[in-house]
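Read the structure below first, then the notes.
Small disclaimer: the values here were computed from a predicted structure and weren't measured. By convention in this document, chain letters (A, B, ...) are assigned in the order of the sequence lines, proteins followed by strands, and residues within each chain are numbered from 1.
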Protein chains: 2
Amino acid sequence: MMKNHKETPGFAWFWEALDLYLERHKLKQTQQRKIIVDFFLRINSHVDAEELHRRIRAEGHDIGLATIYRTLNLLMDAGIVEERSFQDGRSVFEVASPDGHHDHLVCTECGLVIEFENEGIEEMQRAVAKQYSINLKTHRLDLFGTCMDEKSCLERREKKIRG
Amino acid sequence: MMKNHKETPGFAWFWEALDLYLERHKLKQTQQRKIIVDFFLRINSHVDAEELHRRIRAEGHDIGLATIYRTLNLLMDAGIVEERSFQDGRSVFEVASPDGHHDHLVCTECGLVIEFENEGIEEMQRAVAKQYSINLKTHRLDLFGTCMDEKSCLERREKKIRG
DNA sequence: ATGGCTGCAAAGTGTTTGCAGCGAT
DNA sequence: ATCGCTGCAAACACTTTGCAGCCAT
């Protein structure tokens, strides 16, 4: 059973939601899915499909990139993963927060992503939409800048280059 | 000379900026560029490269899609056009507003794009960035919803389907 | 006549899909 | 024994690039 995973503490709800989704849709629990989800949760930050694939292969698992994409899409269908596109072309994926929407601060130097919520901004967005006669459904707010802490920023950048 | 265009009133500054850029970079003023810019300015809303190409061909001009892309990239290098990506995959282009940044309201039904500025939101963004120790450089805010005026929304949708 | 520009086709991205065989139920 | 799942390669959609000839300067 997928329920007997040993990794990714704190994400029991995620595994349970996945189990439920698979069961309801008569889908199967495979080794590949288990591994992909495990790695995804352990990284637990905004990863793209190829990065995830690379890390999984790096530990000796022979899983195809297509399967990574298929699994991420399945997790999105299950509503427990969300897709974002910060820099053009590449999508990154994150665990969906069950308690609502958040926006992102992205460091353009080191790639650090910080999630934040700000009710004040959201309220002003609703006002703007109303002003222009639009029924606001969703929004996307990304703030781009650079880390004030240059030391840790540089470290992250180097770590990324080294792979 | 490109200066002697008869179309796109109100965009003299755009043509002048383009002339200046071409001159400074020892680039040439060609028929194709003239036509592409003319169509782009006349559409004067958020178009993607293929849509622009389609409209230009529809009026009998034999210009390649690659040239459309190359010209749009040139206009971006010149700083008078900006690229946006609302719905994934496709980039849309708009005339850069010389007087600063603006954000977008997008109708997910008819594709209508409304530009707006809101200093209050921008100020709160700066506060958020500071709070998380990020030097804010730029941001991207897109509000997605549907038109309250369903009639004109439907009209735009139908017009789009008819081509 | 020089050297940038064009159209075409080919190559490049990131992502999806068809298929034959594999594996979970 | 089903029937979903996987890896692979091919297909996709959007964009860029190499090339031989064209055209603005």
Whole angstrom is fine here: how far is it from [atom1] in [X] over to [atom2] in [N]?
X	N	atom1	atom2	result
A/L65	C/dT16	CG	P	10 Å
A/D77	C/dT16	CG	C1'	13 Å
B/E51	D/dT15	CD	C1'	17 Å
A/L22	D/dC3	CG	C1'	15 Å
B/K34	C/dT6	NZ	C1'	17 Å
A/Q32	D/dC5	CD	P	11 Å
A/Q87	C/dT13	CD	P	15 Å
A/H61	D/dG7	NE2	C1'	16 Å

Q. Would one find more than 12 heavy atoms of other residues, nucleotides or ligands at under 6.0 Å from atom NZ of A/K137?
A.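 Result for NZ/A/K137: enclosed.
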Q) Using a cut-off of less than 4.0 Å, is there contact between a side-chain N or O of B/N73 and OP1 or OP2 of D/dT16? A)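 The answer is yes; a side-chain N or O of B/N73 sits under 4.0 Å from OP1 or OP2.
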(Q) Reading DNA chain D from 5' onward, which residue's closest nucleotide shows up sooner: A/H25 or A/D62? (A)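 Between the two, 5'-proximity favours A/H25.
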(Q) Protein within reach of the bases, or only the backbone? For nucleotides 17-25 of chain C, mark each nucleotide 5' to 3' as B, S or -, using heavy atoms under 4.0 Å. (A) BB----BBS
Q: For the side chain of A/S91, starting at C-beta, report the closest nucleotide among D/dT6, C/dT15, D/dC8.
A: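 So the nucleotide nearest the side chain must be C/dT15.
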Q | Closest nucleotide among D/dC8, C/dT16, C/dG7 to the A/R57 side chain | A |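 Looking only at side-chain atoms, A/R57 lies closest to D/dC8.
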Q) Between B/R57 and B/H61, do the side chains contain an N or O donor and an N or O acceptor separated by less than 3.5 Å? A)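 B/R57 vs B/H61: no donor-acceptor pair found between side chains.
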[X] side-chain N/O to [Y] backbone N/O, donor-acceptor pair under 3.5 Å:
X	Y	value
A/S85	A/S91	no
A/T67	A/I63	no
A/R84	A/H46	no

**Q.** Salt-bridge present (B/E59, B/R55; N to O < 4.0 Å)
**A.**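 The answer is no: the pair does not qualify as a salt bridge.
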Q: Find out whether the Lys NZ or Arg CZ of A/R42 is both under 6.0 angstrom from the six-membered ring centre of A/F39 and within 45° of the ring's axis.
A: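 Yes, A/R42 lies over the aromatic ring of A/F39.
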Q: Report which part of the nucleic acid A/D48 touches: base, sugar-phosphate, or nothing (heavy-atom distance under 4.0 Å, all strands).
A: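 The residue A/D48 makes no contact with any strand.
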